[in-house]
K.L.:
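Here you go, one structure.
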There are 2 protein chains.
Amino acid sequence: MVRKLAPHLGVDWKHILSNDEDRQELDFSYEQLLFQLLNEIGIIHQLASTAFDRLLPYDLTGAQFTVLNHCVRMGDNKTPAQLAAILQVTRGTMTSTLARLEKKNFIRLEPDPEDGRSKRVFLTNEGRMAREASVEAALPVLSKASRDVPADTVVGLLPEIRKLRSWFDRNRSD
Amino acid sequence: MVRKLAPHLGVDWKHILSNDEDRQELDFSYEQLLFQLLNEIGIIHQLASTAFDRLLPYDLTGAQFTVLNHCVRMGDNKTPAQLAAILQVTRGTMTSTLARLEKKNFIRLEPDPEDGRSKRVFLTNEGRMAREASVEAALPVLSKASRDVPADTVVGLLPEIRKLRSWFDRNRSD
DNA sequence: TCCATATAGTTTGATGCCAAACTATATTAC
DNA sequence: GTAATATAGTTTGGCATCAAACTATATGGA
């Protein structure tokens, strides 16, 4: 049916072993179904990501918001390596995200008094406000979703999706 | 619990309104549950993408494989704009992916005889073989998943995930 | 103490992705 | 027929991501 836009992501499971046309007609092997599932998941992630990026204020990106949000909710005064582990990015990626946040004055980086190799990440007041404004900006979109997507769908999906995420989490090579 | 690696993606819904600790204890609003769901989806996509990229031969990337795979399964002789629409990336992104595939001699680009603005994408024999080899390389991983992840999980997830994808698809701004 | 190894953070180089600007060719409207 | 508009493809600039190499500091064992 040709969707209008949206990316094929890092890996695009889209159309790997499936396509819209044959969905109704054929039997699929387990492997094919898993492919299709990952395909759909990739699309959802991409669409959601792009939509979220577009509504964020202060030129914030999703990655940057995620760091601010974590600091607000779970506390700051963590090292970049800890944040990288928690948010599941490489240290190199975290370095660059933190640099952008620092340039915007949303966080402050201080040397770790106990470990000469480390730094500590602190929220600034501006960072706190930017996070707050971002949450505000996101609410209308979530509300729209809540009107259209049945709660049953969301609630039903969560436990199984978590199982799947768990499996990938346990089975990655690193 | 601090996962070891993995990225916060374009937008990272991870930890936006949720975290591992409070999952067991609190009630969540619909909005929070949706956030959590998108969070899990983002993680799964990232883990799956990275794993897939690592096993591909010929220095193929997921994006490149997706183009080859589509051409094998659905036929080549399409324009870059058509491929971009089908695979849901911008034309600019498709330009660069096709350029990389052409440099590897996996596709050929010819001028469209009927439209002076367009080109046509054709698979080469090398491209066909590279796609075949990629599928071979992916099979062991899929088999591993099939041993661990119950078919029920996959089959149960698919219809609801498709509904969710549909919603995002319908509600995007472009 | 000193060396080997592990860990923190950075840097580099690739890829993917988007948005927006830009060129060239079609198509439509008058 | 010509001007306005739409579409195809490219280019540029920016962010996110990874992998791998590199520096500096800790830590542990001999």
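Letters A, B, ... are given to chains in the order of the sequence lines, protein chains preceding strands, and every chain is numbered from 1. All values derive from a computational prediction rather than experimental measurement. Below, each value reflects all heavy atoms present in this structure, side chains not excepted, and no hydrogens, waters or symmetry copies.
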K.L.:
OP1 or OP2 of C:dT10 versus the side-chain N and O atoms of A:T95: is any pair under 4.0 Å?
P.N.:
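Yes.
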
K.L.:
Distance only, no hydrogens: is a donor on one side chain within 3.5 Å (strictly under) of an acceptor on the other, for B:T61 and B:Q64?
P.N.:
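The answer is yes; a qualifying pair exists.
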
K.L.:
Does a salt bridge link B:D112 with B:R120, judged by any charged N lying under 4.0 Å from a carboxylate O?
P.N.:
yes

K.L.:
What is the distance, to the nearest angstrom, from the CG atom on A:D53 to the C1' atom on D:dG13?
P.N.:
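My rounded result for the distance is 16 Å.
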
K.L.:
Please check the phosphate of D:dA16 (OP1 and OP2 only) for any side-chain N or O of A:Q64 closer than 4.0 Å.
P.N.:
yes

K.L.:
Which of these nucleotides, C:dA19, C:dC17, D:dC18, is closest to any side-chain atom of A:R54?
P.N.:
C:dA19

K.L.:
Which whole-number value in Å describes the distance from B:L83 CG to C:dG16 C1'?
P.N.:
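Interatomic distance, CG of B:L83 to C1' of C:dG16: 16 Å.
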
K.L.:
Of all the choices, C:dG9, D:dA16, D:dA8, which nucleotide is nearest to the side chain of A:T61 once you look at every atom?
P.N.:
D:dA16

K.L.:
With sugar-phosphate meaning primed atoms plus P, OP1 and OP2, does B:S96 contact a base, only sugar-phosphate, or nothing at under 4.0 Å between heavy atoms?
P.N.:
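Contact class for B:S96: none.
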
K.L.:
Can you measure A:R91 atom CZ to D:dA21 atom P for me and round it to whole angstrom units?
P.N.:
14 Å

K.L.:
Only pairs at least two apart or in different chains count here, so list each salt bridge (Lys or Arg N to Asp or Glu O under 4.0 Å) that has a residue in residues 148-160 of chain A.
P.N.:
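Every salt bridge (Lys or Arg N to Asp or Glu O under 4.0 Å) pair that includes a residue of residues 148-160 of chain A, provided the two are not neighbours, is A:E160-A:K163.
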
K.L.:
Once you round it to whole Å, what is the distance between P of C:dA8 and NZ of A:K78?
P.N.:
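Those two atoms, NZ and P, are 15 Å apart.
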
K.L.:
How many whole angstroms separate atom CE of A:M94 from atom P of C:dT11?
P.N.:
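Atom-to-atom, A:M94 to C:dT11, this comes out as 16 Å.
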
K.L.:
Compare side-chain N and O positions of B:T79 against OP1 and OP2 of D:dA8 and report whether any pair is under 4.0 Å apart.
P.N.:
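For B:T79, the contact criterion (side-chain N or O under 4.0 Å from OP1 or OP2 of D:dA8) is not met.
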
K.L.:
With the side chain of A:A81 defined as its heavy atoms from C-beta on, choose the nearest nucleotide among D:dA16, C:dG9, C:dC17.
P.N.:
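Nearest to the side chain of A:A81 among the choices is C:dG9.
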
K.L.:
Any side-chain heavy atom of A:K104 within less than 4.5 Å of one from A:E126?
P.N.:
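No, their side chains stay 4.5 Å or more apart.
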
K.L.:
A:I43 CD1 to C:dC18 P: how many Å, rounded?
P.N.:
13 Å

K.L.:
Check whether the side chains of A:S96 and A:R100 place a donor and an acceptor atom closer than 3.5 Å, and report yes or no.
P.N.:
yes

K.L.:
Figure out the CZ/P separation between B:F52 and D:dC18, and round it to whole Å.
P.N.:
18 Å

K.L.:
Specify the residues of residues 98-124 of chain A, ordered by number, for which at least one heavy atom lies under 4.0 angstrom from an atom of DNA chain C.
P.N.:
A:R117, A:S118, A:K119

K.L.:
Should A:L98 and A:I107 count as side-chain neighbours, where that means a heavy-atom distance under 4.5 Å?
P.N.:
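The answer is yes, as the side chains (C-beta and beyond) meet within the 4.5 Å cut-off.
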
K.L.:
Taking NZ, NE, NH1 and NH2 as the nitrogens, is one of them in A:R165 or B:E40 under 4.0 Å from a carboxylate oxygen of the other?
P.N.:
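Yes, this pair counts.
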
K.L.:
For C:dC17 and B:T90 - does any side-chain N or O of the residue sit under 4.0 Å from the phosphate oxygens OP1/OP2?
P.N.:
no

K.L.:
Can you tell me the distance, in whole Å, between the CD atom of A:Q46 and the P atom of D:dA16?
P.N.:
14 Å

